[in-house]
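If you're wondering where the values come from, they're calculated on a predicted model, not measured in any experiment. Numbering of residues begins at 1 and proceeds along the displayed sequence.
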Amino acid sequence: MSSDPKAKPNASNFFVKSGRFLWRHKTKTVLVAGISYLALLKYANAVKKELKEKIIDGSVLVWRINHGSIVESTIPSRMGAGLLGKLLKQLTGGTKEMTMLEALTSLEMAADDSRIKSLIVRVSPEFSNGNKGTEPLSVGLGFAQIQELRQALATFKTKKDAELGQGQGRTYFFIDSFDDQSTYYLASAFTDIIVQPTGYVPLTGLSSTSFYFKTLSEKIGVKMHVEARKDYKSVVAPFSQSSMPEKHRENLMSVLESLNDTLVEDIALGRGSDIVSMAAKTTTGDQPAVAAAAAADIVRRAMEVGPLDSAHALNVGLITKQGYSYDVQSIVGPRKAIRFEKYGEQRREELNINESSSSGKRFNRGIFSGASESDNKQKIEEVQKLSITSEPILTVGVVYLLGTIERLGVQGSHAIADALRKAALDTEVSAIVLRIDSGGGDVIASDTIAAAVDHVQQEFGKPVIASFGNVSASGAYYSSTSCKRIFASPGTITGSIGVAAMRPVITQKLLDFVGTNVEEVFATENTSTSVFREPEGPALERYQRNVDNIYNDFTSRVARGRGLSAEHTESVAQGKVFTGTQALSNGLVDEMGGFTRAIEAAAQLGHESRFYSIVKTVQYYVERINRENIHDMVAMERFKSVDEALKTIKERMQIQVQKVAEAKAQAKAKLGEETKESGSNSSVADENPELKPVVTSIDPKDFVNPKHYKADILKNIVVKEFPESESSARNLISKIVGSAVSVSVSDALMQEINQLLAQSPNQVRAESDQTRFK
């Protein structure tokens, strides 16, 4: 084989020249090499991270829970301090909050995922990411929220038993000691409960403590004038009574007994086999009789002697074993441990649930957003496309009503009403869920929200479903009365259909005590605004009449919205409070079910009323386009005013209607029978094309409505939260970063910052005579 004698010198020259070139540009060479190395390192780390986080067959979910780690919503609080706190928490890397909806759907996904073999929950403080580990060792959830999680856990266990074999679908709950009954209530839904040997189970039954301030008020010289409708409205009693009124005690006992019965039954259901088997092992004599004893009776007897140390709790079967959190690793064994919140994100990506459906995404709080602005005609086209979808994936909007109902603020009534309207205007949303966890509040604010619910259903044809959380009482129930369906959990507190008004009267005794005097001058004889005069005479009559009017409006709204007779409504009103179980029996709620069940029901109703809501939505945008056309014509001075344009359109429409009528009459006379109008739908545009209204319609023949559609939150439902589901901190940070790049601050951010700066913890409302739901 021959070789070229010049090849070797040429190759040598090439390397020499390359070396000289690199040395001459050594700075750039080093920079390029460094960038290349970092890129390769980043790629390698990304691959490593992907492998580490990948869900494999044989995985175990590990879920760390503490107070505040599960929340209803990440919507910012009203108070500036709460908003700033969330911001600082995110900046310092605080624990990521998981919403109830995320927790519930993650459990449902895990139940259907054959790769997941078990679930381990640890109640412990968080020390990573700058946390100091000061969170209370409790779940920090209400009775109804725990019931929703218990139901999801029961589904998880049932499906794993079916998949792995009876008794193999095990779930584990680790805690050093229970600090409250609610945390144990959640733990009792797990197959295994592990507590430290020195720990306790504070199972003592439910109770209530109330303070009464009438005597104190009289001592300091402040008299409370109270009006309550009616006998069971108890919120103002602590300020007008020295002890608990008998009607209030009767209602409170009824609620406590109902909740306690539910607590006992659920614990017995979750721990029943362990309780009975342990009782049989530790009892001599007639063991079969003991083994046959109802687990509920054993739980009740445990409540009588609680709190129990872990040894006693183990003996009666309330816990499974004594142990420490270090035992988690022995349970995980060779399986792969995956953080519960990370699993939810990964699994949603796998199921393509995180993929956009036009402008909404499922179950991901960070990317749920309000409706975006676009051309009205595009909106109509989007709606019309929905009418010919044969296999729909329906979008359900979610709006939250949380905390005390107020008129102002980021969670005030106007903000909630605006969120409902945005959900109705969204061309993708077929139905709306109003998630409520509120004990009531301002009467005007409650009325604003209730009116918004009516407006959405009447004007846009989109059903609104109410989902009650821990509590939905008084003004919160008022807001939901016209919802198509109301869902609640057995432990939900609801009702309180009544009104309470209270105003303080500062007496001379207090003025003498502080050493001051007050002189008032009024331009009229009306002194009802004074806090130094007790209402009397005509002023008192007006005050009482206003409260009566609000009560009558409340009861009539309940009767109308729930389809109840006036007599039955009055029997469940009067300020009475009920549990969800009681409310179901008396017609105040429609069904026992949690958040996800309400979303599925909303999707089902939205599907059934789909054609009607599409027509109503198209009609809204058509009218909007017509108005804009008229405004443009006036702006271009084709008409002097909007009134002139409307008058012209009306006159020409009347002429057109008359022409159509005459044409029909002539055709009838000629043919001797009624004829259909054909091709005579000319409009004002025939005479003035510039005034042509936008006419659009949907042919019912094009509308496909599958008969066998079954709503499933994991398969054919998109959840879209309004206004936004981002945490306040993340929202502010993203906006601030965006403004730094664009050197501009959005109006929304400025308004948010101004609200934050304007608020003060020491703010006191000046309205001394405000009537409120409570």
Side-chain angles (χ1 to χ4, degrees), residues 143 205-218 223-263 404 438-441 443 446 468 470-478 481 488 490-504 535 540 543-559 562 564-589 771-774:
F143 208 85
L206 300 181
S207 61
S208 175
T209 302
S210 302
F211 290 90
Y212 290 84
F213 307 100
K214 180 182 178 181
T215 304
L216 174 62
S217 298
E218 292 175 348
K223 184 176 181 180
M224 293 293 182
H225 182 87
V226 167
E227 296 288 342
R229 303 292 184 275
K230 295 185 177 176
D231 294 340
Y232 293 91
K233 195 68 176 179
S234 61
V235 67
V236 292
F239 302 96
S240 62
Q241 304 290 331
S242 299
S243 60
M244 185 178 292
E246 193 57 37
K247 295 285 188 181
H248 299 178
R249 186 181 300 276
E250 171 194 331
N251 190 202
L252 181 59
M253 281 301 300
S254 173
V255 170
L256 283 177
E257 288 173 355
S258 177
L259 290 176
N260 203 69
D261 288 345
T262 301
L263 178 66
T404 303
S438 168
V443 59
S446 301
F468 291 173
N470 295 317
V471 59
S472 180
S474 197
Y477 188 82
Y478 181 100
T481 51
T492 298
I493 301 299
T494 189
S496 191
I497 302 170
V499 184
M502 180 176 67
R503 58 176 295 173
L540 178 59
Y543 189 72
Q544 294 173 335
R545 185 165 59 248
N546 288 337
V547 176
D548 288 335
N549 290 339
I550 296 172
Y551 178 79
N552 293 334
D553 174 68
F554 196 170
T555 54
S556 62
R557 183 180 283 272
V558 172
R562 303 300 302 150
L564 305 174
S565 66
E567 294 76 14
H568 181 73
T569 301
E570 183 62 24
S571 69
V572 297
Q574 306 177 54
K576 293 179 181 177
V577 177
F578 304 99
T579 63
T581 303
Q582 294 170 331
L584 178 65
S585 64
N586 61 33
L588 292 182
V589 303
T771 304
R772 298 171 59 82
F773 286 121
K774 190 72 174 176

Looking only at heavy atoms, what is the nearest atom pair of [X] and [Y], with distance?
{"X": "Ser208", "Y": "Leu252", "result": "OG-CD2, 3.8 Å"}
{"X": "Lys214", "Y": "Ser240", "result": "CD-O, 3.3 Å"}
{"X": "Ser496", "Y": "Ala473", "result": "CB-CB, 3.9 Å"}

Quiz item: Can you find a heavy atom in the side chain of Leu263 that is under 4.5 Å from one in the side chain of Leu259?
Solution: no

Quiz item: Would you call Ile493 and Val577 a side-chain contact if the rule is heavy atoms closer than 4.5 Å?
Solution: yes

Quiz item: So which pairs with a foot in residues 565-587 pass salt bridge (charged side-chain N to carboxylate O under 4.0 Å, His left out), sequence neighbours left out?
Solution: Lys230-Glu570

Which residues pass the side chain to side chain contact (heavy atoms under 4.5 Å, CB included) test with [X], sequence neighbours left out?
{"X": "Phe239", "result": "Phe213, Met224, Met502"}
{"X": "Leu540", "result": "His225, Glu227, Pro535, Gln544"}
{"X": "Thr581", "result": "Pro490, Thr579"}
{"X": "Val589", "result": "Phe468, Ile486, Ala488, Ala583, Leu584, Met592"}

Go through the structure and list residues passing side chain to side chain donor-acceptor pair (under 3.5 Å) with [X], not counting sequence neighbours.
{"X": "Lys223", "value": "Glu534"}
{"X": "Asn260", "value": "none"}
{"X": "Arg557", "value": "Asp447, Asp454, Tyr478"}

Output all residues satisfying salt bridge (charged side-chain N to carboxylate O under 4.0 Å, His left out) with [X], sequence neighbours left out; order by chain, then residue number.
{"X": "Asp548", "value": "Arg229"}
{"X": "Glu218", "value": "none"}
{"X": "Asp261", "value": "Arg300"}

Exercise. Scan for side chain to side chain donor-acceptor pair (under 3.5 Å) pairs involving residues 241-255, sequence neighbours excluded, and state none if there are none.
Key: Tyr232-Glu250, Ser254-Gln582

